[in-house]
Amino acid sequence: MPDTQTDFTPTPADKFTFGLWTVGNIGRDPFGEPVRAPRSPVELVHLLAEVGAWGVNFHDNDLVPIDATSAERDRIVRDFKQALSETGVVVPMATTNLFTDPAFRDGAFTSNDAQVRAYALQKTMRAIDLGVELGAKTYVFWGGREGVETDVAKSPLDGLKRMRDALNFLSGYVRDQGYNLRFALEPKPNEPRGDIYLATVGSALAFIQTLDHPEMVGVNPEVAHETMAGLNFLHAVAQAWDAGKLFHIDLNDQVIGRYDQDFRFGAQNPKVAFFLVQFLESVGYDGSRHFDAHAYRTADADDVKAFARGCMRTYLILKEKARRFAEDGEIQGLLSQIRAQDAATEPYSREAAQALGARDFDRQALGARGQPYEALDQLVIELLLGVR
Ligand code: GLT
Ligand code: MN
Ligand code: MN
């Protein structure tokens with residue numbers, strides 16, 4: 001039965017990555033202490049290699065503690081590089097922790113304190129240097145603390161201006177250093193701030209066009225974040241792709257209306273995950289498939305591996321389902337039926353406008369036409385449930 005296409009074993013070509021903070025999550029939450037022992041970056045690289053991941057991503061302080069001396073930094077980086085070369089695990093993406101330290105309690109790039117903003121820029125320049133040294137080509141900006149609990153604290157226009165100033169400064173830095181690095185903004189509506197600036201993928205896409213170097217900056221949409229906002233994740237990803245801005249993606253799962261859950265990919269909404277995988281594979285997205293998720297707090301060390309394997313396996317199963325969808329005669333027959341009345345929209349010309357103005361439409365006949373979307377959707381459900 002299983003052949004090379006259907007044994008669901010991850011390969012480097014799948015570009016599956018995890019952050020150190022994902023498989024390294026120790027299960028702390030606002031109500032409870034850690035439940036899992038911390039593991040070193042070296043141990044986590046070996047764990048990722050064991051489960052078959054291609055790459056590892058990190059925040060500066062996932063690797064090097066914020067208070068490390070430069071000698072400690074050098075030793076940590078040397079050991080980490082050795083683990084990478086022993087395992088073949090690569091570093092496609094890096095980012096900065098601008099949210100844990102109390103200095104960032106009122107934001108980093110958008111703090112009301114210019115010294116905090118300057119410190120955040122310095123910390124990010126150093127973290128960019130570290131990421132590039134380890135091979136990162138994408139640099140993520142998740143502004144968890146960039147926001148407010150009350151709008152009396154800060155004008156949202158100041159928030160936007162300060163974000164723009166910071167990104168312009170850092171684009172200048174990357175260009176000046178000659179780094180081959182692109183930025184990916186990761187929107188989120190709330191948590192940990194009451195309201196985070198640039199709350200959705202759409203907001204980020206519009207904001208990017210106001211930057212000094214928009215060509216360097218794209219987005220890193222996360223399933224859970226758009227879902228928290230009650231939005232359709234596939235539509236957000238499609239818009240990013242359409243704009244040439246899908247530089248990275250954070251895959252996980254989330255129930256609408258709940259706290260930020262970061263569940264295993266496909267754990268909650270397999271149908272949503274299916275259309276997402278089908279989209280990424282069909283358009284030819286060739287970036288990392290980054291699982292920004294963590295195991296349930298109930299998980300022990302073995303269950304963390306089950307979590308990581310589950311993310312990748314579900315992706316590959318859904319990719320196989322997408323292949324079957326494309327080959328399913330009944331599904332494709334209904335799709336052709338739906339598209340039978342389709343034709344390209346004629347571009348504007350005076351003649352085209354005149355012809356359209358003179359055309360007769362049978363409005364009642366148009367309104368009387370139905371579409372077999374119930375039948376088609378049921379076939380998708382049956383495909384996903386494994387009976388076709
Ligand atoms: C944090 C957040 C994620 C971001 C990470 C990058 S950190 O865990 O919840 O969505 O991608 O900063
Ligand atoms: Mn998240
Ligand atoms: Mn994320």
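Order of appearance sets the numbers: ligands from 1, and atoms from 1 within every ligand.
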What do you reckon, does N220 have a nitrogen or oxygen under 3.5 Å from a nitrogen or oxygen of ligand 1? no

Among the N/O/S atoms of D250, the Mn ion (ligand 3) lies closest to OD2

D101 vs N61 side-chain heavy atoms within contact, under 4.5 Å: no

Output yes when R182 and E215 qualify as a salt bridge under the 4.0 Å nitrogen-oxygen rule, no when they do not. no

Atom nearest to the Mn ion (ligand 3) - E186, N, O or S atoms considered: OE2

Can you name the atoms of ligand 1, numbered from 1 with element, that are less than 4.0 Å from a heavy atom of D250? 11 (O)

Could you tell me whether some N/O pair between K188 and ligand 1 is separated by less than 3.5 angstrom? no

Taking the side chain as everything from C-beta on, heavy atoms only, tell me whether P10 gets closer than 4.5 Å to W54. no

Protein heavy-atom partner closest to atom 3 (C) of ligand 1 - residue, atom, separation in Å: D292 OD2, 3.0 Å

Centroid-centroid under 6.0 Å between H248 and W142 rings: no

Answer yes if the ring centres of F18 and F291 are under 6.0 angstrom apart, and no otherwise. yes

Could you check atom 7 (S) of ligand 1 against the protein and tell me its nearest heavy-atom contact, residue, atom and distance included? H59 NE2, 3.2 Å

Close approach, H225 and ligand 1, non-hydrogen under 4.0 angstrom: yes

For the Mn ion (ligand 2), find the closest N/O/S atom belonging to D262 and write down its atom name. OD1

Taking the side chain as every heavy atom from C-beta outward, state whether L84 and V90 have any atom pair closer than 4.5 Å. no

Just need the protein heavy atom nearest to atom 1 (C) of ligand 1, so name the residue and atom and give the distance. W142 CZ3, 3.7 Å

Considering non-hydrogen atoms of the protein only, which is the closest contact for atom 11 (O) of ligand 1, and what is the distance? E186 OE1, 2.6 Å

With carbon and hydrogen excluded and only N/O/S kept, which atom of D292 is nearest the Mn ion (ligand 3)? OD2

Have a look at ligand 1 and work out which part of V140, if any, has a heavy atom under 4.0 Å from it: side chain, backbone, both or neither. neither

Out of F58, F265, W21, which one pairs with H290 under the ring-ring contact (aromatic ring centres under 6.0 Å, His included) rule? W21

Are R193 and E146 ion-paired here, with the side-chain N under 4.0 Å from a carboxylate O? no

Between E133 and R73, is there a salt bridge with N-O shorter than 4.0 Å? yes

Tell me, which N, O or S atom in E222 is closest to the Mn ion (ligand 3)? OE1

